[in-house]
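Remember, it's a predicted structure, so these values are computed and weren't measured experimentally. The figures here come from the full heavy-atom set of this structure, side chains too, leaving out hydrogens, waters and symmetry mates. Within every chain, numbering begins at 1; the chains are lettered A, B, ... in the order of the sequence lines, protein sequences first and strands thereafter.
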Amino acid sequence: MDIQEQLKSDIQQAIQALFNTTVDDVVLQPTKKEFEGLYTFVTFSLTKALRQAPAQIGQAIGSWLTENSTIVSGFNVVQGFLNISIADAAWLNVLNDIATNPSFGNLAAKNQSVMVEFSSPNTNKPLHLGHLRNNFLGDSVSRILKANGYDVVKACIVNDRGVHICKSMLAYKMFGNNETPESAGMKGDHLIGKYYVLFDKAYKAQIEELVGQGTPKEEAEKKAPLMLEVQQMLRLWEQGDPETVALWSQLNAWVYEGFDATYRTIGVSFDKTYYESNTYILGKEIVEEGLQKGIFYRKDDSSVWIDLTEEGLDQKLVLRSDGTSVYMTQDLGTTDLKYEDFHTNRQIWVVGNEQDYHFKVLFAIMRRLGRSYADGLYHLSYGMVDLPTGKMKSREGTVVDADDLIQETTEAAASAADEAAKGKLDEFSETEKTALFRMLGLGALKYYLLKVDSQKRMQFNPAESVDLHGNTGPYIQYVHARIQSVLRKAADTGVSVEGQVSVEQLDEIEQQLIFLLSQYPQRVQEAGDDYAPSYIAQYAYDLSKTFNQFYDKLSILKETDSAKLHARLVLAKSVGETIRKAMGLLGIDVPEKM
RNA sequence: GCAUUCGUAGCUCAAUUGGAUAGAGCACCUGACUACGGAUCAGGAGGUUUGGGGUUCGAAUCCCUACGAGUGCACCA
């Protein structure tokens with residue numbers, strides 16, 4: 001039985017019995033820790049209807065509950081706050097339920113599906129810190145939605161065509177000397193990124209030269225020979241010129257190999273990958289459809305527009321005057337395509353907040369076109385990641401590379417372990433050690449990026465990101481390892497962790513722990529409703545911190561009362577499992593030993 | 001200029017969506033180990049929630065205003 005639901009219903013009954021009226025929704029909040037009790041009911045909102053003082057109402061409801069509710073053991077009233085204590089017997093039932101329910105925290109199937117599109121990289125340079133926030137977010141939200149009972153399709157749209165790829169291709173053609181990832185000893189994505197930078201340098205030099213000759217900067221940017229060559233290359237690609245297409249295929253293949261390696265490392269995968277080279281032509285039929293329906297209009301130069309001023313937006317171009325697509329055209333097409341492929345009830349895009357406006361427009365157009373799925377479209381917008389020195393700028397070389405960063409956090413975990421583990425890892429093989437350090441390094445990094453509200457801009461501090469004290473991934477991973485150690489010892493000494501828990505009395509900190517455990521499904525639901533991994537991160541930390549307090553205050557294995565010993569073991573095991581599940585929702589693994 | 005997001009301890013972030021004396025971590029200071037794992041725990045110090053108005057029993061949260069910062073306003077993606 002869910003204590004919170006039971007308590008809500010009991011309070012409803014109390015209000016009915018005492019005041020002969022009902023409230024639509026009883027809202028409970030956790031009691032602040034300086035007061036006794038675990039649930040608090042706020043009575044201010046009832047004062048007008050009942051014409052009584054808040055404290056008086058609290059007293060009345062509290063007394064009624066202690067007499068009539070099977071789960072309430074006591075109460076106190078502070079101003080308009082009714083703080084309620086729950087009987088130990090009820091908490092024991094809760095613990096027994098959780099301990100024997102393997103799917104605790106997995107909500108009932110909803111028979112609804114969601115597509116989550118994330119990552120969506122360009123193939124002209126390797127992934128960086130910003131992509132990591134995107135990937136971790138998309139991956140975690142997918143896991144959270146799954147736990148909420150949705151069928152989830154993870155999708156990735158690879159931006160593998162366009163001017164930016166041609167830049168790398170051209171530079172490779174000019175300076176490449178048939179270099180390969182093998183001959184260069186570089187991951188493919190890094191190799192192509194190198195040529196992208198080379199292009200940019202050469203291009204800049206040409207611009208400067210032209211400006212030096214008196215050409216205005218804007219004109220120089222368009223007329224630089226390299227830019228003209230890039231555009232020629234793009235035309236050749238679009239015409240299917242064999243040589244150009246062959247080069248493009250080769251370079252992209254290298255990039256994919258590099259991306260795949262990174263995805264494997266961070267534990268991210270996709271159910272469906274779309275390539276823009278296949279989808280960029282889509283959307284033109286939709287433009288036709290819109291014209292026929294009178295939603296779009298054609299200007300004299302034959303470009304096509306939509307007027308969204310009624311929605312508080314602007315007029316927006318959906319097709320160029322030469323009949324070619326813009327970004328919006330493609331997105332109209334791929335949105336339809338994704339729906340035709342999977343018929344999901346919702347489509348979510350994990351894309352940075354600089355595109356907020358674009359998605360407002362996209363969704364407005366889909367509504368105007370009368371798409372049945374339009375209300376299920378959602379832009380999961382996230383803030384940029386800043387460095388302590390300011391914004392990341394590729395031009396100034398301040399971009400933090402994803403592979404480098406993972407390498408650094410892994411090394412930091414390794415050197416920290418040398419000091420902290422003190423021989424606990426002696427029996428680990430080198431491979432096991434490497435895997436552990438990777439787990440800790442990635443745990444630190446993922447937790448660091450996911451604990452912050454994703455909508456907000458955040459600052460990335462390299463030193464803090466590899467920290468393993470305080471509110472960090474490794475702190476939580478440590479608690480899991482600690483619990484497993486206790487459980488191993490219990491098994492060695494033949495103490496059982498199975499069976500029903502039954503003790504006379506619980507310590508306050510034990511109540512607190514069970515209370516936190518019982519809140520887990522609700523947190524999963526809230527995180528799903530708000531697409532918010534940060535809720536889960538905060539929960540995992542709260543649970544871990546409370547467990548450490550419990551661990552410090554009460555002994556488990558040294559407890560002489562066998563019923564208490566058993567209860568604490570079951571509690572520890574349940575906490576360990578819940579930590580593992582919660583961290584799993586963040587895409588973070590937890591170790592048996594560390 | 002127009003639109004939009006934001007401003008909380010020295011720093012990085014919370015605050016159950018309008019509830020109690022605004023909480024954590026880092027950094028700083030003080031305690032607790034021949035240990036069920038100290039990668040831990042307990043305590044201290046640190047705040048006019050950017051400033052100023054308003055709404056009400058009650059505001060970091062809602063409204064107005066000033067200041068400061070980010071992003072968007074391409075026939076780029």
| remark: Rounded to whole Å, the NZ-P distance (A/Lys593 to B/rC36) equals 18 Å

| said: Does B/rU16 have OP1 or OP2 under 4.0 Å away from a side-chain N or O of A/Gln29? | reply: no

| message | Applying a 4.0 Å non-hydrogen cut-off, can you work out what A/Asn461 is touching in the nucleic acid: base, sugar-phosphate, or nothing? | response | nothing

| So, for A/His469 and A/Tyr475, is the gap between ring centers shorter than 6.0 Å? | no

| request: For B/rA42, take OP1 and OP2 only and decide whether either is under 4.0 Å from a side-chain N or O of A/Gln549. | output: yes

| query | With respect to the side chain of A/Arg488, which nucleotide from B/rU21, B/rG37, B/rC36 is positioned closest? | reply | B/rG37

| What distance, rounded to whole Å, do you find between the two P atoms, one in B/rA66 and one in B/rA27? | 42 Å

| Nearest-nucleotide pick for A/Gln355, side chain only, options being B/rA14, B/rU21, B/rA77 | B/rA77

| message | Taking B/rA39 as the reference, what is the distance to B/rG58 when you measure between their C1' atoms (whole Å, please)? | response | 43 Å

| In residues 470-479 of chain A, what residues come within less than 4.0 Å of RNA chain B, judged by heavy atoms? | A/Gly470, A/Asn471, A/Tyr475, A/Tyr478

| note | Side-chain contact check for A/Lys33: nearest option of B/rA14, B/rU21, B/rA24 is B/rA24

| A/Tyr541 side chain, from C-beta outward: closest of B/rA24, B/rA14, B/rC36 | B/rA24

| task | Verify the ring-centre separation between A/Tyr378 and A/Tyr531: is it less than 6.0 angstrom? | result | yes

| task | Give A/Lys553 one of three labels, base, sugar-phosphate or nothing, depending on what nucleic acid heavy atoms sit under 4.0 Å from its own. | result | nothing

| Residue A/Tyr327, side-chain atoms from C-beta onward, closest of B/rA20, B/rA39, B/rA77 | B/rA77

| Protein-nucleotide distance (A/Leu554, atom CG; B/rA42, atom P), rounded to Å | 13 Å

| said: I'd like the C1' distance from B/rG54 over to B/rA42, given in whole Å. | reply: 44 Å

| message | Tell me whether the side-chain N or O atoms of A/Tyr535 pair up with the base of B/rU17 as donor and acceptor below 3.5 Å, since no angle test is needed here. | response | yes

| said: Given B/rG19, B/rC36, B/rG37, identify the nucleotide with an atom nearest to the side chain of A/Val42. | reply: B/rG19

| message | Please determine whether side-chain hydrogen bond (donor to acceptor under 3.5 Å, both in side chains) holds for the pair A/Asp307 and A/Tyr297, giving the CA-CA distance in whole Å, both sets of side-chain angles, and the decisive distance to 0.1 Å. | response | CA-CA 8 Å; A/Asp307 183 352; A/Tyr297 62 94; 5.5 Å; no

| task | Please work out whether the ring planes of A/Trp248 and A/Trp237 are parallel, tilted or perpendicular, with thresholds of 30° and 60°. | result | perpendicular

| task | Go ahead and name the base partner of B/rG47; Watson-Crick or wobble counts if both distances stay under 3.5 Å, otherwise write none. | result | none

| task | Give one of base, sugar-phosphate or nothing for A/Phe35, where a contact means two heavy atoms less than 4.0 Å apart. | result | base

| message | With a cut-off of less than 4.0 Å, is there a side-chain N or O of A/Asn159 near OP1 or OP2 of B/rA77? | response | no

| query | Think A/Lys456 has a side-chain N or O under 4.0 angstrom from the OP1 or OP2 of B/rA14? | reply | yes

| query | Given the P atoms of B/rC26 and B/rG72, what is the spacing between them in whole Å? | reply | 36 Å

| Heavy-atom check, side chain of A/Tyr275 versus side chain of A/Arg161, under 4.5 Å | no

| field | Aromatic ring pairing A/Phe44/A/Phe81, orientation class (parallel under 30°, perpendicular over 60°, tilted between) | value | perpendicular

| query | How far, in whole Å, is B/rC13 from B/rU8 if one measures between their C1' atoms? | reply | 10 Å

| query | Can you check whether A/Leu436 reaches A/Glu432 side chain to side chain, under 4.5 Å on heavy atoms? | reply | no

| Taking only N and O in the side chain of A/Lys48, is any of them less than 4.0 Å away from OP1 or OP2 of B/rC57? | yes

| query | Checking all strands, does A/Asp356 fall into the base, sugar-phosphate, or nothing category for heavy-atom contacts under 4.0 angstrom? | reply | nothing

| request: Look at the aromatic rings of A/Phe363 and A/Trp349 and report parallel, tilted or perpendicular, splitting at 30° and 60°. | output: tilted

| If the C1' atom of B/rA45 is compared with that of B/rU30, how far apart are they to the nearest Å? | 11 Å

| For B/rU40, does OP1 or OP2 lie under 4.0 Å from any side-chain N or O of A/His469? | yes

| query | What nucleic acid atoms does A/Asp386 come within less than 4.0 Å of, heavy atoms only: base, sugar-phosphate, or nothing? | reply | nothing

| What integer number of Å spans the P atoms of B/rG44 and B/rG25? | 12 Å

| What's the closest nucleotide to the A/Lys391 side chain, out of B/rU71, B/rG25, B/rA42? | B/rU71

| query | Under the rule syn = chi within 90° of 0, otherwise anti, which is B/rU17? | reply | syn

| said: Taking B/rA3 as the reference, what is the distance to B/rU17 when you measure between their C1' atoms (whole Å, please)? | reply: 26 Å

| task | Have a look at A/Asp530 and say if it touches a base, only the backbone sugar-phosphate, or nothing, with a 4.0 Å heavy-atom cut-off. | result | base

| query | For A/Asn122, which contact category applies under a 4.0 Å heavy-atom criterion: base, sugar-phosphate, or nothing? | reply | nothing

| Residue matched to B/rC36 through Watson-Crick or wobble contacts both under 3.5 angstrom | none

| note | By nearest-heavy-atom nucleotide on RNA chain B, the more 5' of A/Val326 and A/Glu354 is A/Glu354

| At under 4.0 Å between heavy atoms, what does A/Pro30 touch on the DNA or RNA strands: base, sugar-phosphate, or nothing? | base

| field | Base B/rA20 to side chain A/Asn83, donor-acceptor N/O within 3.5 Å cut-off | value | yes

| task | Output yes when a side-chain donor or acceptor of A/Arg457 lies under 3.5 Å from a complementary backbone atom of A/Asp386, and no otherwise. | result | no

| remark: Contact check, residues 310-321 of chain A vs RNA chain B, heavy-atom distance under 4.0 Å, returns A/Leu317, A/Arg320, A/Ser321

| Hey, does the Lys NZ or Arg CZ of A/Lys299 hover above the aromatic six-ring of A/Trp305, less than 6.0 Å from the centre and inside 45° of the axis? | yes

| field | Sugar-phosphate, base or nothing in reach of A/Ala463, heavy atoms under 4.0 Å | value | nothing

| query | When all nucleic acid strands are considered with a 4.0 Å heavy-atom cut-off, which category describes A/Lys489: base, sugar-phosphate, or nothing? | reply | sugar-phosphate

| request: Mind checking A/Met458 for me? I need base, sugar-phosphate or nothing, with any heavy atom below 4.0 Å counting as a touch. | output: sugar-phosphate

| said: Given B/rC13, B/rG37, B/rA20, identify the nucleotide with an atom nearest to the side chain of A/Val452. | reply: B/rC13

| query | May A/Tyr551 be described as stacking on the base of B/rC36, applying a 5.5 Å centroid limit and a 30° limit on plane angle? | reply | yes

| remark: When every non-hydrogen atom of A/Leu129 is compared with those of A/Phe460, the smallest separation belongs to CD2-CG, 3.5 Å

| query | Who is the Watson-Crick or G-U wobble partner of B/rU21, with both distances under 3.5 Å? | reply | none

| said: Using the side-chain heavy atoms of A/Leu557, tell me which of these nucleotides is nearest: B/rA39, B/rC36, B/rU40. | reply: B/rC36

| message | Does A/Thr40 contact B/rA20 through a side-chain donor or acceptor facing the base, at a distance under 3.5 Å? | response | yes

| said: Of the options B/rU21, B/rG37, B/rA14, whose atoms approach the side-chain atoms of A/Lys32 most closely? | reply: B/rU21

| Verdict with reasoning, A/Ile476 to A/Tyr447, per side chain to side chain contact (heavy atoms under 4.5 Å, CB included) | CA-CA 10 Å; A/Ile476 299 165; A/Tyr447 187 86; 3.4 Å; yes

| request: Under a 3.5 Å limit for both distances, which nucleotide forms a Watson-Crick or G-U wobble pair with B/rG68, could you say? | output: B/rC6

